[in-house]
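Because the structure is a prediction, the values reported are computed rather than measured. One-based numbering, in listed order, for ligands and for the atoms of each.
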Amino acid sequence: MEDVKKTYDQLLAEYNELQMQLDEANDTIDAIRTGQVDALIVNDGEGHQLYTLKTADQTYRVFIEKMNEGAVTINREGLILYNNSRFAAMVGMPLEKTIGLHFSDFIAEESRNVYDEVIANAWEEDCKEEIYLINTDGHTVPCFISCNTLELDEGVALSLILTDLTKLKETENQLKIKNLQLAAAHLATEKLNNELEDTVKHRTNELFVSREHFKYLANNIPQMTWTNLPNGEVDYFNQQWYTYTGLSAEDTRKYGWEKTIHPDDLQLTMDRFKASLKSGQIFEVENRYKRGSDGAYRWHLNRAIPLRDEQDEIAFWVGTATDIEDQKKEMDRKDEFIGIASHELKTPLTSLKGYLQLISSYKKDDMPGSVKQYVERANSAVNKLQRLINDLLDVSKIQAGKLEYAFTKVNLTDLVKTAVENAAHIYPEYNFIIRDGHDYLINGNAERLEQVLNNLIGNAVKYSPKNKDVIIQTTAENGFVRVAVTDYGIGLSDEQKDRIFERFYRVEDKKHMTSGLGMGLYISAEIINYHNGEIGVESESGKGSTFYFELPLV
Ligand code: ADP
């Protein structure tokens, strides 16, 4: 009510006073900012107060204005007496508006308690803490606040230095994220490692089990068995090896094969084995191993097959040696029997032939037609028998290494012609076609080569019951002449092709039953080998075959 009663003059005076004070205050702030004075005036609710900065000088002020930290000075009531432009930027206000405000207005809600505590302490001793400011946008700014008391002429004030921690926090956060990612990666790696360890354990166990299975199997078969590394080094022998050879593991390592294989078979065995290691093809050889108990050499069939990994690389070789001594002896006995039997058969056969000749020449004109026919048939049967006996004798000779004969210059073209003419006579229903007719000369035995040709042509007829065409072609290339006999008969499978040159081998075919003993091709191969030539076959089951031999030209 008193105020209402104030006179115009009084009010005017008061207004002027206030205006003056305001001007003064602004001047003071300007003066302080520009360094003209070291004091400032603040209205703290109980009238205006003037604060003078005791030790401030121009250098410090510029320094404070320019520094990267927020700098604020507050009085006991918490009013801002001074702040630099960095602080104003931190709270998002123009510089001239912040002075005189309550500093606590810029403290974020979550930091209030900490702030109150810090400020309460700060008057007693210097202290530091982390707090959040809030700017005019409502954003919080993480800060590190450092408080020191400041002696002013008018009393003690607090100097607050605020370091913006936004960047630091961001980095810290990123670091935290990175750390989390690192921890996750670490966990994943550890998991993978564990899984890998499990797999390795599992595989090792599997390997152990399969190795044990293999050993169990290997120790319970009658053959000697071993395994080789890809370079040929033996890394395992089964029990039978040690039992048969009488060697210890140490001896085996020291002497290798040398002490066990017959000296005559060692070179061949080693050559074949080395060739297999190089080519990766199955190793096979027959040789004699010394039995430890009595020093006797027994024949064995050796075989080693390569086992390949997923990359098709040879992982190791598994070898076996099977005792074939008894079979070999049986074969020898059979050969001996065949030799004796064919010899024994030859004598009566020769007389039979002689008597047949006598009969056919005896009073030829008086002989009834039917008897003449019987004599002819008997002659043909005797010839067949003779061929068989000759074959049997040849086989025995080959076995004994005694099939030997003289070589002369032979005109192969003529030989082919003669053989084909004979065949045309014996098999009139067949159509023999000769291709090419140069005079190819070779060194050889005409009789034996004719035997080969007769055999090939005879087979072409025998194994081609339907198609009656047989082609005999002679060609020369690279110093070799090649004679090929082609038929369009039953043909051969790949497996059969590999074996038909073996002694007594015949294809078991219920559809095409033919007579024979499986000797013809075996003898033919021996004859061609004796001529330093090569014999072979190209064939497809059901389509026909081409049997050929190649001989060096003169
Ligand atoms: P054989 O004819 O007396 O049985 P060979 O040694 O002459 O004996 O022949 C061996 C085997 O080869 C025969 O049993 C037959 O199965 C096969 N063979 C030979 N020549 C032919 C051919 N031209 N076509 C099909 N198979 C053949």
(message) Looking at Arg333 and Glu330, is there a salt bridge between them, counting it only when a charged N and a carboxylate O are closer than 4.0 Å?
(response) yes

Would you find a donor on one side and an acceptor on the other, under 3.5 Å apart, between the side chain of [X] and the backbone of [Y]?
X      : Y      : result
Arg272 : Glu284 : yes
Glu110 : Tyr132 : no
His531 : Gly533 : no
Tyr244 : Tyr289 : yes
Lys468 : Pro465 : yes
Ser351 : Pro348 : yes

(request) May I ask whether Gly518 places a heavy atom under 4.0 Å from ligand 1? (result) yes

(request) Could you tell me if any non-hydrogen atom of Lys462 lies under 4.0 Å from any atom of ligand 1? (result) yes

(request) To the nearest 0.5 Å, tell me how far Gln496 CD sits from Ser539 OG. (result) 8.5 Å

Starting from [atom], which protein heavy atom do you reach first, and at what distance in Å?
atom                    : answer
atom 19 (C) of ligand 1 : Asn459 ND2, 3.5 Å
atom 4 (O) of ligand 1  : Arg506 NE, 2.4 Å
atom 23 (N) of ligand 1 : Asp487 OD2, 2.9 Å
atom 5 (P) of ligand 1  : Leu521 N, 3.7 Å
atom 12 (O) of ligand 1 : Ile500 CG2, 3.2 Å

(message) Any donor-acceptor pair under 3.5 Å linking the side-chain atoms of Asn455 with those of Gln451?
(response) no

(request) With heavy atoms under 4.0 Å as the rule, classify the contact between Tyr505 and ligand 1 as side chain, backbone, both or neither. (result) backbone

(request) Pick one of side chain, backbone, both or neither for how Leu517 approaches ligand 1, counting any non-hydrogen atom pair under 4.0 Å. (result) backbone

Suppose I only count heavy atoms of [X] and a 4.0 Å limit; which atoms of ligand 1 are within that range?
X      : result
Phe547 : 19 (C), 20 (N), 21 (C), 22 (C), 23 (N)
Asn455 : 7 (O)
Val507 : 14 (O), 16 (O)
Gly516 : 3 (O)
Met519 : 6 (O), 8 (O)

(request) Ignoring hydrogens, just give me the one of Phe501, Tyr463, Phe504 whose non-hydrogen atom is nearest atom 24 (N) of ligand 1. (result) Tyr463

(message) If I compare all heavy atoms of Leu393 with all of Gly339, which pair ends up nearest, and what's the gap?
(response) CD2-O, 4.3 Å

(message) Does ligand 1 come near enough to Leu492 that some N or O of the ligand is less than 3.5 Å from an N or O of the residue?
(response) no

